[in-house]
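Report on the following structure.
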Amino acid sequence: MFGLFKSNPTKKMRKQLQQLQQKAMEMQRNGDIRGSSDISQEADELWKKIQAMEAEQK
């Protein structure tokens, strides 16, 4: 019952992941492929952290 009031730690990380993916897409559209790949790599690392945290919670 009290677990209802706990904050989800991955929720904030998922929002940050979505922002990174959006930024990478915009950079790619503007022709900054190198910057886009850097941001995409950062997003991939964040995704791996999210998956690891969710695996621990189960």
Side-chain angles (χ1 to χ4, degrees):
M1 178 173 165
F2 293 105
L4 176 68
F5 298 111
K6 286 185 179 180
S7 63
N8 187 354
T10 60
K11 186 175 181 180
K12 187 175 183 180
M13 293 173 77
R14 283 184 179 271
K15 186 173 183 175
Q16 183 181 6
L17 175 66
Q18 185 179 12
Q19 290 172 346
L20 284 172
Q21 290 172 335
Q22 181 72 27
K23 185 176 180 180
M25 182 190 64
E26 290 172 2
M27 290 176 82
Q28 186 176 16
R29 284 185 178 174
N30 290 331
D32 187 5
I33 304 301
R34 186 173 301 235
S36 173
S37 68
D38 291 340
I39 299 295
S40 293
Q41 182 179 4
E42 191 176 331
D44 287 341
E45 291 171 5
L46 183 59
W47 175 243
K48 288 177 185 176
K49 287 180 185 178
I50 292 170
Q51 287 180 327
M53 287 180 71
E54 288 179 347
E56 285 180 7
Q57 290 176 353
K58 290 185 178 180

Check side chain to side chain contact (heavy atoms under 4.5 Å, CB included) between [X] and all other residues, then give those that pass, not counting sequence neighbours.
X     : value
Ser36 : Ala24, Met27, Gln28, Ser40
Gln22 : Met25, Glu26
Met53 : Pro9, Thr10, Met13
Gln21 : Leu17, Ala43

How long is the span from the CG atom in Asp38 to the NZ atom in Lys23, to the nearest 0.5 Å?
-> 10.5 Å
Could you list the residues that satisfy side chain to side chain donor-acceptor pair (under 3.5 Å) with Gln16, not counting sequence neighbours?
-> none
Qualifying residues under salt bridge (Lys or Arg N to Asp or Glu O under 4.0 Å), relative to Glu42, sequence neighbours excluded =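 Counting only residues at least two positions away or on another chain, Glu42 forms no salt bridge (Lys or Arg N to Asp or Glu O under 4.0 Å).
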Decide if atom CD of Gln18 counts as having more than 12 heavy atoms of other residues, nucleotides or ligands within a radius under 6.0 Å.
->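 Not buried by this count: 12 neighbours or fewer within 6.0 Å.
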